[in-house]
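Chain A is the first sequence line, chain B the second, and so forth, proteins listed ahead of strands; every chain is numbered from 1.
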Amino acid sequence: MIAGMTLSSLAASVNVEVPLDLRRAKGWVGQLLENVLGANAGNKPEPDFIDLGIELKTLPVDKNGKPTESTYVCVVPLSDTTGLRWNNSIVRAKMNHMLWLPIEADKQIPLGQRRVGAGIFWRPDVDTEVQLAADYNEFIERISLGEVESITADQGNWLQIRPKAANSSMLTEGIGEEGQSIRTLPRGFYLRPSFTRGIIEQWRSTSPEGGDK
DNA sequence: TGTTGATCATGC
DNA sequence: GCATGATCAACA
């Protein structure tokens, strides 16, 4: 029902002001859509629609419909990694059912005039999940071995690990090279734009609304 | 121009 | 400080 609507009309429907730009309101679009659609997980590490088990993600896209940014998934566990496996991971819980909402992100369009696209309900197919699991397990193994400081963003096929903090001086507990406790920058799991591009392309080729371009 | 590392706002 | 929502902006 909200496909095609502008952010300013959606904001008006929930009595929210539209900021001039996103520089000081980076998560504004995502929070607006949570509001409009009634997501209820708050800031808990659970899917947004708890009862449905569905994770809501806005996906900024350029004029060609290609994602312009990576997608944050969740915080990376850096200290208590024993027993962590793909099957009991928060990454898997969130990615099991996702609702993607493409949003126009061309900076030439004023924020309030940007439109929401058709929602894409998505679940990973078997091959995709195998690859995500491989990325995840490799990262967790390296973290368990005390290699967190040598993980860079160019590692991982679909998932990547990057800093996720208020600033570069934030520290959290991690595992050092000798297995000791260290202080290290908090990290997050992110999905590469190449991954979300695939979701859009898959939708375009299979949905009646999607056309074939 | 795409990526990587850094950063912004909010709630508790 | 940690978890949510993400985008910014410098640099390769």
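Scanning for side chain to side chain donor-acceptor pair (under 3.5 Å) contacts around A:Ser181 gives A:Glu173, with sequence neighbours left out. Every ring pair (Phe, Tyr, Trp, His ring centres under 6.0 Å) that A:Phe195 has, sequence neighbours left out, goes to A:Trp122, A:Trp158. Qualifying side chain to side chain contact (heavy atoms under 4.5 Å, CB included) partners for A:Thr196, counting only residues two or more places apart in sequence or in other chains: A:Leu59, A:Pro67, A:Thr71, A:Trp100. For A:Phe189, the ring pair (Phe, Tyr, Trp, His ring centres under 6.0 Å) partners at least two apart in sequence or on another chain are A:Tyr136.
Residues from residues 152-172 of chain A placing a heavy atom under 4.0 Å of any atom in DNA chain C, listed by number, are A:Arg162, A:Lys164, A:Leu171, A:Thr172. Less than 4.0 Å separates DNA chain B from no heavy atom of any residue of residues 76-84 of chain A. For residues 104-124 of chain A, proximity to DNA chain B is found at no residue, defined as any non-hydrogen atom under 4.0 angstrom from a strand atom. Non-hydrogen atoms lying under 4.0 Å from DNA chain C are contributed by A:Gly30, A:Gln31, A:Glu34, all within residues 29-39 of chain A.
Note: OH (A:Tyr190) to P (B:dT7) measures 13 Å, nearest angstrom. The distance between atom NZ of A:Lys26 and atom C1' of B:dA9, rounded to the nearest whole Å, is 10 Å. Between A:Leu10 atom CG and C:dG5 atom P the separation is 18 Å, expressed in whole Å. A straight line from CG of A:Leu22 to C1' of C:dC8 spans 10 Å, rounded to a whole angstrom. In this structure, CG of A:Leu185 is placed 13 Å from C1' of B:dT4, rounded to the nearest angstrom. The nearest whole Å value for the distance from the CD1 atom in A:Ile151 to the P atom in B:dT4 is 14 Å. Rounded to whole angstrom, the span from the CG atom of A:Asp62 across to the C1' atom of B:dG2 amounts to 12 Å. Look at CG on A:Leu59: it is 13 Å from C1' on C:dT7, rounded to the nearest Å.
The closest side-chain donor-acceptor pair between A:Arg204 and A:Gln202, if any, does not fall under 3.5 angstrom. For the 3.5 Å distance criterion, the side chains of A:Glu141 and A:Ser144 fail to qualify, holding no donor opposite an acceptor. A donor atom on one side chain and an acceptor atom on the other are not found under 3.5 Å apart for A:Arg85 and A:Asn137. Of the N and O atoms on the side chains of A:Ser150 and A:Arg142, at least one donor lies less than 3.5 Å from an acceptor on the other residue.
Comparing the start and finish of the helix from B:dT1-C:dA12 to B:dC12-C:dG1, five pairs each, the helix axis swings through 30°, to the nearest 10 degrees.
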Side-chain donor-acceptor contacts of residues 101-108 of chain A below 3.5 Å, not counting sequence neighbours, with atom names and distances?
residue	atom	partner	partner atom	Å
A:Glu104	OE1	A:Arg115	N	2.8
A:Glu104	OE1	A:Arg115	NE	3.3
A:Glu104	OE2	A:Arg115	NE	3.3
A:Glu104	OE2	A:Arg115	NH2	2.7
A:Asp106	OD1	A:Gln108	N	2.9

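A:Ile143 contributes atom CD1, which lies 5.5 Å from atom CG of A:Leu78 (distance to the nearest 0.5 angstrom).
Contact check for A:Ile2 versus A:Leu10: side-chain heavy atoms found under the 4.5 Å cut-off.
At most 12 non-hydrogen atoms from other residues, nucleotides or ligands lie less than 6.0 angstrom from CZ of A:Arg23. Counting heavy atoms of neighbouring residues, nucleotides and ligands inside a 6.0 Å radius, atom CD of A:Glu149 exceeds 12 of them.
One finds no side-chain N or O of A:Tyr72 lying less than 4.0 angstrom from the OP1 or OP2 phosphate oxygen of C:dG5. In this structure, A:Arg192 reaches the B:dT4 phosphate: one of its side-chain N or O atoms is under 4.0 Å from OP1 or OP2.
Within the structure, every pair that satisfies the side chain to side chain donor-acceptor pair (under 3.5 Å) test and touches residues 3-13 of chain A, not counting sequence neighbours, is listed here: A:Thr6-A:Ser8, A:Thr6-A:Ser9.
Salt bridge status for A:Glu201 with A:Lys66: absent, with no side-chain N to carboxylate O gap under 4.0 Å.
Within 4.0 Å of A:Thr58, counting heavy atoms only, lie sugar-phosphate atoms of the nucleic acid but no base atom.
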Original post:
Passes salt bridge (Lys or Arg N to Asp or Glu O under 4.0 Å), A:Arg123 versus A:Glu129? Steps please.
Top reply: CA-CA 9 Å; A:Arg123 302 197 62 188; A:Glu129 185 161 350; over 6 Å; no
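Picking from B:dA9, C:dT4, B:dT7 the nucleotide with the shortest atom distance to the side chain of A:Lys94 gives C:dT4.
Judged purely by atom type and a 3.5 angstrom limit, A:Glu34 has no side-chain atom pairing as donor or acceptor with the backbone of A:Ala39. The closest donor-acceptor contact from the side chain of A:Tyr190 to the backbone of A:Pro193 lies at 3.5 Å or more, if one exists at all.
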Polar pairs (N or O, both sides) under 3.5 Å between protein and nucleotides 9-12 of chain C?
none

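The side chain to side chain contact (heavy atoms under 4.5 Å, CB included) test with A:Glu55 singles out one residue from A:His97, A:Met95, A:Lys94, and that residue is A:Lys94.
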